[in-house]
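Quick note: numbers below take in every heavy atom, side chains included, and nothing from hydrogens, waters or symmetry partners. In listed order, ligands and their atoms are each counted from 1.
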Amino acid sequence: MTTVIRTHGVENLVAIAERFTLQGQIVDVQAFGSGNINDTFLVNIDSPGDKHFILQRINTQVFRQPQLIMQNLRTFTDHICQKLQHTPLDRRWEMPRVLSTKEAQDYYIDAEGSFWRAISFIEQSQSFDTMQNLEQAQEIGYALGMFHNLISDLPPQRLADTLEGFHITPLYLRHYQEVLARTTPQISPEVNYCLQFVSDRTTFAYILENAKAEGKLPLRLMHGDPKINNVMFDTATQKAVSVIDLDTVKPGLVHYDIGDCLRSGCNPVGEETADWESVYFDTDLCQGILQGYLSVAKAFLTENDYAYIYDAIRLIAFELGLRFFADYLAGNVYFKVKHSEHNLARAIVQFKLTESIESQATQIRQIIQDLK
Ligand code: GN1
Ligand code: MG
């Protein structure tokens, strides 16, 4: 038996990919994408059928019960595929599929206990880390609306909670306060800015959870991570064709998704920039995304849903900044980092974006009002 190397030596990766290769020969396996949690690889195969698939090692420190992810994936992809078969759309739209192992399992656990799974690759498609133009913004919004629409008739209880506490801002705040209580951060102007930024917004952190508790916002199924680079575009037509990264599809609020889509899509410099002064929230892109989203989602949104869209945009930008900052203080244990200050830099980007959202509150609320 070969030893499995932690660094995923090429030979070892090929052996793992082979478990999921039912026909054809593997040409190569390459690191793929820019995920902050799981390890993702693109497998190229020489086969008469699909030429690629996605191989992922699930981070089980974050996703404690990865089997639940696979169970959920089966449940909602089956639901959506059936629905699409009965009522085909008039444009290209695809769902990533779970690929089985040669033993007909949904995952493979290697000798080291790592949890591997494979997903089909959406052929002739690409994603973007930053928005290229207004048409793309509309397409991103359309894609999120389409996704919500396709899962809207699946009862939320049918899916397990794959990540408890995900997008519950008050819990991130509590975690942050606990981390702060047991660490002495190295004070710098940047750290001071973040400490003050969070402390000025502690009451605000409860806004969506309070609305949920008061019955104003219903529990629905959500994507959980509909950031700009999780929408795939057809390379020829430049139309959105799929939403990927489905591990956090679970019961929640559609507002978390709307907020996440807008905070990632309307920051033209992207979330990885080191140039904080260039970060701003682009209201034209906001208008584009919401227009695309509402062209599909109008059918299931209520008056209260609209009332909380602005707060959701502001909150999810703030929440992600809080999550990055807390992780920086905790010693970078959750998000992958390229250097020790990486999460601090990411936090500042999200806080600058939150500031920009706050300073344009009136315009953003007006955009939402005009699109209703
Ligand atoms: C994480 O791993 P990735 O990049 O798909 C995170 C999201 C954040 C995102 C920020 C499970 O997603 O919530 O918005 O980083 N996913 C999880 O880039 O925490
Ligand atoms: Mg993700």
Side-chain angles (χ1 to χ4, degrees), residues 31-42 54-66 68-70 72-73 96 115 117 119 127-131 140 143-144 147 159-169 171-172 175-176 208 222-232 242-253 255-267 269-274 279 312-328 330 332-338 342-354:
F32 189 70
S34 49
N36 292 326
I37 311 285
N38 299 325
D39 296 332
T40 304
F41 303 92
L42 181 69
I54 295 290
L55 178 69
Q56 286 182 302
R57 188 175 85 111
I58 302 293
N59 180 335
T60 49
Q61 291 298 315
V62 170
F63 294 103
R64 297 282 175 166
Q65 290 177 280
L68 291 184
I69 292 182
M70 303 316 292
N72 277 2
L73 266 170
F115 189 103
R117 62 95 192 271
I119 302 279
S127 68
F128 300 87
D129 289 333
T130 52
M131 201 70 82
I140 297 259
L144 181 61
F147 187 82
L159 298 189
D161 192 345
T162 49
L163 194 55
E164 273 179 43
F166 192 52
H167 288 313
I168 313 287
T169 318
L171 293 181
Y172 291 116
H175 170 69
Y176 163 77
L208 288 185
M222 58 158 185
H223 179 282
D225 190 16
K227 57 177 173 178
I228 174 170
N229 57 15
N230 279 336
V231 176
M232 302 304 295
S242 189
V243 181
I244 59 162
D245 192 0
L246 307 173
D247 301 332
T248 48
V249 177
K250 67 184 195 91
L253 297 180
H255 289 74
Y256 305 149
D257 281 355
I258 299 170
D260 198 58
C261 189
L262 283 136
R263 68 111 201 125
S264 70
C266 303
N267 167 9
V269 292
E271 62 187 69
E272 289 293 333
T273 184
V279 175
I313 303 169
R314 180 183 170 207
L315 186 72
I316 299 299
F318 170 68
E319 179 193 273
L320 186 58
L322 173 66
R323 294 172 64 199
F324 283 140
F325 186 45
D327 200 36
Y328 165 73
N332 308 315
V333 292
Y334 186 95
F335 297 103
K336 286 186 202 170
V337 286
K338 294 206 169 80
H342 198 165
N343 276 321
L344 176 62
R346 286 167 168 159
I348 297 171
V349 171
Q350 294 306 314
F351 289 158
K352 290 284 174 196
L353 188 65
T354 310

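Here the side chain of K250 pairs no donor or acceptor atom with the backbone of G224 at under 3.5 angstrom. Between the side chain of S264 and the main chain of I228, a donor-acceptor pair closer than 3.5 Å is present. No donor-acceptor distance shorter than 3.5 angstrom exists from the side chain of K227 to the backbone of R263, with no hydrogens or angles considered. Side chain of N229 to main chain of F128: no donor-acceptor pair is present (N/O by atom type, distance under 3.5 Å, no hydrogens or angles). No donor-acceptor distance shorter than 3.5 angstrom exists from the side chain of N230 to the backbone of V243, with no hydrogens or angles considered. When atom types are taken as modelled, the side chain of N72 and the backbone of L159 share no donor-acceptor pair closer than 3.5 angstrom. Looking at Y328, its side chain never comes within 3.5 Å of a backbone N or O of H342 through a donor-acceptor pair. Under the 3.5 Å distance criterion, the side-chain polar atoms of S242 are left unmatched by any main-chain donor or acceptor of M232. Under a 3.5 Å cut-off, the side chain of D327 and the backbone N or O of F335 do form a donor-acceptor pair.
Of all atoms in ligand 1, listed by their number and element, those nearer than 4.0 Å to a heavy atom of G35 are 2 (O), 4 (O). Listed by number with element, the atoms of ligand 1 under 4.0 Å from a non-hydrogen atom of Y334 are 11 (C), 17 (C), 19 (O). Annotation for ligand 1: atoms under 4.0 Å from non-hydrogen atoms of F63 are 11 (C). Of all atoms in ligand 1, listed by their number and element, those nearer than 4.0 Å to a heavy atom of E271 are 10 (C), 18 (O). Heavy-atom contacts of F166 reach the following atoms of ligand 1: 13 (O), 17 (C), 19 (O) (cutoff under 4.0 Å).
Among all non-hydrogen protein atoms, the one lying nearest atom 2 (O) of ligand 1 is N36 N, 2.9 Å. Nearest protein heavy-atom neighbour of atom 16 (N) of ligand 1: I37 CG1, 3.8 Å. For atom 9 (C) of ligand 1, the closest non-hydrogen atom of the protein is K227 NZ, 3.7 Å. For atom 13 (O) of ligand 1, the closest non-hydrogen atom on the protein side is R323 NH1, 2.9 Å.
Note: no N/O pair closer than 3.5 Å links N230 and ligand 1 by distance alone. The N/O atoms of N38, backbone and side chain alike, include none that comes under 3.5 Å of an N/O atom in ligand 1. Checking only distances, S34 never comes within under 3.5 Å of ligand 1, N or O to N or O.
Heavy atoms of D247 found under 4.0 angstrom from ligand 1: none, in either backbone or side chain.
F147 and H223 have perpendicular rings, their planes meeting at more than 60° on a 0 to 90° scale where under 30° would count as parallel.
For R263, the closest heavy-atom approach to ligand 1 falls below 4.0 Å. Using 4.0 Å as the threshold, H167 has no heavy atom nearer than that to any atom of ligand 1.
As for D245, its N/O/S atom nearest the Mg ion (ligand 2) is the one called OD2. Note on D225: its N/O/S atom closest to the Mg ion (ligand 2) is OD2.
Distances from atom 8 (C) of ligand 1 to the heavy atoms of I244, L320, I228, L163 show the closest one on L320. For atom 5 (O) of ligand 1, the nearest non-hydrogen atom from the set D225, T40, V62 comes from D225.
Counting heavy atoms from C-beta on, the side chains of N343 and Y334 never come closer than 4.5 Å.
Salt-bridge check for E164 with R64: failed, with every basic side-chain N at 4.0 Å or more from each acidic carboxylate O.
Coordination check, D247 versus the Mg ion (ligand 2): failed, since every N/O/S atom of the residue sits at 2.8 Å or beyond.
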